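Below is one structure; the comments refer to it alone.
So that the names make sense, note that chain A is the first sequence line, chain B the second, and so on, each numbered from 1. Not measured: the values here are computed from a predicted model.
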Amino acid sequence: MASSQFQPIQGMSDIAAPDSFLWQMIEERARDIFTRYCFSEVRTPILEKTELFIHSLGDTTDVVTKEMYTLEDRGGRKLTLRPEGTASAIRYVAAGGDKTASARIYYMGPMFRCERPQAGRKRQFHQIGVEAIGAPNPLADAEVIALQLHLLAAWGLADAKIRLNTIGLPEDRAAVLNGLREAIRPRLHELPEEAQQRFETNVLRLLDSKDEAVQKIIGAAPPVTEFMCAETRAYLDTVVETLRNLDIDVEVDTSLVRGLDYYVHTVWEVVHGGLGAQNALAGGGRYCIQIGKNAVNGVGFAMGVERVIAALEAGGISAVQFAPPPPVFIVSLGEAALKENLLLLQMLRKHGVACEMELSARKVQAQMRRANKTGARQVIIRGDSELEKGIFVLKNMGDGTQSEVDLPELMKLLT
RNA sequence: GUGGGUGUAGCUCAGCUGGUUAGAGCGUCAGAUUGUGAUUCUGAAUGUCGCGGGUUCGAAUCCCGUCACUCACCCCA
């Protein structure tokens, strides 16, 4: 058992080989897909002014009120480790004025939320996200959703399901809350106490409650879209229609709710079976964020990398499948060969060959054992007699055969 | 923040209702084989039994606290 002094802090973890091979695959394929859709990367600071998140996410949201890592710097400024990526991206866009008014950007990196860890929920977790800036346009929403599904397919997660809804315009809000309350009120007494409180504080949250009693009553209530204006409904219809034309079949799920205040119109979630309670791989939506005097409109999504990995692993994918090809190993017999082999090692590397060698003149047996452990398919053995003849022994670890070759032939065989 | 489960060697775990020096498998290292790995055989090393306190003649085992891991609620990606 590792002593606690060597462990990372609660809810955070080291990501090392072989897992890091899988992380690299995920990031590489994401970059490839983003490039095809003409999105470019933005790397924003991980630490931001606390007020950025309060203003953009909403000062009453759970993320802001109880999940942020906030600290004061030496000047007494309040800073927060970013709990999500959109706020920083939008801050960047707002600073750029016209130049970034139609930016298409993506980001990837760590996010921080101080919650109780569980399956699919770390305190430091990683997101890959995109933001397509621009005035509301249902075609843009559809394009971003298509991009997201393309990316999921590239990762091998074509079986992920998308739940789509609209939370409408700010003007719809009052009608939705009222309509929902009126629909539920007659049966309010049937709800558990906690749900009754939420009826007052945040009715929308009842929509995605896991409580059976709540679900029964919600199921009988009219869908939220019925309380929304014609414009909102037309917007949603166009998104769905556009997706259908792109051969993407989505079901509208009117019980989908989002926890951040900046969303307007389209919102969605990507869920995957076999993930446990935290079954959302990704969340996304259209937003309007006020930064200073500017309102920035856009549509985007964020994918939880840890959850993507969990979904892949549930499907039998393992990180070792993405390990780099095995290296060539060099065995030296005697000090003279050790010195020469160091030169050979660097030369091979400069020619693009991944190779490794034992840096001491240990016994052959020990060196061969290590060569075997590194997974080397080929081993170069060189001692005094090879040095004298100017040749190399090249051993194939698969079948145990070996041959003597000169330098040009060695290079031909290895590169 | 609330609740459940779990902490014994590098890893996976065993250790019966408290009883002598805490075990196994895998892994690691070495030898058999002084210039050849993986296989085989032989041998070796490694533990503050998560940590702290209590009960007891005696605690890995029982009690309390604490920390960590884990799952769920909540929330979200």
Side-chain angles (χ1 to χ4, degrees), chain A residues 1-13 57 61-68 82-86 107-129 148 160 192 194-195 198 202 205 208-211 256-260 267-272 275-285 300-311 329 331-334 337 358 361-387 393-402:
Chain A
M1 179 57 64
S3 157
S4 64
Q5 68 173 310
F6 297 123
Q7 285 192 310
I9 62 180
Q10 186 174 38
M12 309 201 178
S13 35
L57 309 190
T61 55
D62 281 25
V63 169
V64 166
T65 55
K66 49 192 190 195
E67 296 172 3
M68 298 202 302
R82 63 180 184 194
E84 56 99 61
T86 301
Y107 58 85
M108 45 181 74
M111 310 291 164
F112 303 83
R113 288 184 203 176
C114 194
E115 302 174 87
R116 195 77 173 268
Q118 74 180 72
R121 189 166 83 185
K122 303 290 266 179
R123 287 182 169 182
Q124 176 176 335
F125 60 102
H126 298 76
Q127 287 189 342
I128 296 177
Q148 185 174 35
E194 207 183 319
R198 210 169 290 167
N202 192 354
R205 271 291 161 210
D208 66 351
S209 170
K210 288 176 185 170
D211 191 291
L256 181 67
V257 184
R258 298 275 78 189
L260 307 178
V267 290
W268 72 90
E269 196 172 84
V270 178
V271 293
H272 191 274
L275 276 195
Q278 309 294 325
N279 67 344
L281 281 184
F301 63 77
M303 325 259 263
V305 179
E306 283 83 354
R307 292 186 189 176
V308 165
I309 287 173
F329 197 93
V331 168
S332 314
L333 310 172
E358 174 66 45
R362 292 172 76 194
K363 293 168 60 173
V364 205
Q365 202 183 79
Q367 294 191 55
M368 288 300 296
R369 254 203 292 271
R370 197 179 140 197
N372 190 59
K373 242 174 276 166
T374 65
R377 310 290 301 150
Q378 285 167 305
V379 174
I380 298 168
I381 304 167
R382 199 152 64 137
D384 291 336
S385 70
E386 285 78 17
L387 280 181
V393 170
L394 185 62
K395 174 160 179 157
N396 181 322
M397 296 295 272
D399 56 19
T401 59
Q402 62 185 50

Please round to the nearest 0.5 Å and tell me the distance separating atom [atom1] of [X] and atom [atom2] of [Y].
{"X": "A/Phe301", "Y": "A/Ile128", "atom1": "CZ", "atom2": "CD1", "value": "9.0 Å"}
{"X": "A/Gln378", "Y": "A/Gln402", "atom1": "CD", "atom2": "CD", "value": "12.5 Å"}
{"X": "A/Phe329", "Y": "A/Glu358", "atom1": "CZ", "atom2": "CD", "value": "5.5 Å"}
{"X": "A/Asp62", "Y": "A/Glu67", "atom1": "CG", "atom2": "CD", "value": "6.0 Å"}
{"X": "A/Ile309", "Y": "A/Leu281", "atom1": "CD1", "atom2": "CG", "value": "11.5 Å"}
{"X": "A/Gln367", "Y": "A/Leu333", "atom1": "CD", "atom2": "CG", "value": "6.5 Å"}

Nearest of [options] to any side-chain atom of [X]?
{"X": "A/Ala277", "options": "B/rA72, B/rU36, B/rA77", "value": "B/rA72"}
{"X": "A/Met368", "options": "B/rA77, B/rG35, B/rG37", "value": "B/rG37"}
{"X": "A/Val393", "options": "B/rU36, B/rA38, B/rA77", "value": "B/rU36"}
{"X": "A/Lys373", "options": "B/rA77, B/rC73, B/rC29", "value": "B/rC29"}
{"X": "A/Asp62", "options": "B/rC75, B/rG37, B/rG35", "value": "B/rC75"}
{"X": "A/Gln10", "options": "B/rA30, B/rA68, B/rC75", "value": "B/rA68"}

*Quick one: do A/Glu84 and A/Arg113 make a salt bridge, cutoff under 4.0 Å?*
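Salt bridge absent between A/Glu84 and A/Arg113.
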_What I want to find out is whether A/Glu115 reaches A/Arg121 closely enough, with some N-O distance under 4.0 Å, to be called a salt bridge._
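Between A/Arg121 and A/Glu115 there is a salt bridge, with a charged N closer than 4.0 Å to a carboxylate O.
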Would you mind reading off the distance between [X] atom [atom1] and [N] atom [atom2], rounded to a whole angstrom?
{"X": "A/Ile9", "N": "B/rC67", "atom1": "CD1", "atom2": "C1'", "value": "14 Å"}
{"X": "A/Arg369", "N": "B/rA30", "atom1": "CZ", "atom2": "C1'", "value": "7 Å"}
{"X": "A/Lys363", "N": "B/rG31", "atom1": "NZ", "atom2": "C1'", "value": "7 Å"}
{"X": "A/Leu275", "N": "B/rC75", "atom1": "CG", "atom2": "C1'", "value": "16 Å"}
{"X": "A/Asn279", "N": "B/rA72", "atom1": "CG", "atom2": "C1'", "value": "14 Å"}
{"X": "A/Gln278", "N": "B/rA77", "atom1": "CD", "atom2": "C1'", "value": "9 Å"}
{"X": "A/Phe125", "N": "B/rA77", "atom1": "CZ", "atom2": "C1'", "value": "6 Å"}
{"X": "A/Gln118", "N": "B/rC75", "atom1": "CD", "atom2": "P", "value": "12 Å"}

Pick the [atom1] atom in [N] and in [M], then give their distance to the nearest Å.
{"N": "B/rU20", "M": "B/rU61", "atom1": "C1'", "result": "16 Å"}
{"N": "B/rG52", "M": "B/rC67", "atom1": "C1'", "result": "10 Å"}
{"N": "B/rA59", "M": "B/rC51", "atom1": "C1'", "result": "16 Å"}
{"N": "B/rG50", "M": "B/rC16", "atom1": "P", "result": "14 Å"}
{"N": "B/rA9", "M": "B/rG5", "atom1": "C1'", "result": "24 Å"}
{"N": "B/rG4", "M": "B/rC64", "atom1": "P", "result": "12 Å"}
{"N": "B/rC41", "M": "B/rG27", "atom1": "P", "result": "12 Å"}
{"N": "B/rU17", "M": "B/rU12", "atom1": "C1'", "result": "27 Å"}

Would you mind pulling out the nucleotide paired to [N], Watson-Crick or G-U wobble, both distances under 3.5 Å?
{"N": "B/rU56", "value": "none"}
{"N": "B/rA72", "value": "B/rU2"}
{"N": "B/rU40", "value": "B/rA32"}

*Would you say a side-chain N or O of A/Arg116 is under 4.0 Å from OP1 or OP2 of B/rC69?*
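Looking at the OP1 and OP2 atoms of B/rC69, neither is under 4.0 Å from any side-chain N or O of A/Arg116.
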*asked:* Under 4.0 Å from OP1 or OP2 of B/rC75: is there any side-chain N or O of A/Arg198 that close?
replied: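 Result: yes.
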Tell me what [X] touches on the nucleic acid: a base, only sugar-phosphate, or nothing, going by heavy atoms under 4.0 Å.
{"X": "A/Gly11", "result": "sugar-phosphate"}
{"X": "A/Arg123", "result": "nothing"}
{"X": "A/Leu260", "result": "sugar-phosphate"}
{"X": "A/Gln378", "result": "nothing"}
{"X": "A/Ala371", "result": "nothing"}
{"X": "A/Gly276", "result": "sugar-phosphate"}
{"X": "A/Ser385", "result": "base"}
{"X": "A/Gly400", "result": "base"}

_A/Lys210 vs A/Glu306, nearer the 5' end of RNA chain B by closest nucleotide_ =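 Result: A/Lys210.
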*Closest-nucleotide ordering on RNA chain B, the 5'-leading residue of A/Gln365 and A/Leu281*: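 Checking each residue's closest nucleotide, the 5'-ward one belongs to A/Gln365.
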State whether the distance check finds a donor on one side and an acceptor on the other, under 3.5 Å, for side chain [X] versus base [N].
{"X": "A/Arg113", "N": "B/rC75", "value": "no"}
{"X": "A/Gln402", "N": "B/rU36", "value": "yes"}
{"X": "A/Arg258", "N": "B/rC75", "value": "no"}
{"X": "A/Glu67", "N": "B/rG1", "value": "no"}

*Close side-chain approach of A/Met111 to A/Pro83, heavy-atom, < 4.5 Å*: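 Result no, sub-4.5 Å side-chain heavy-atom pair not found.
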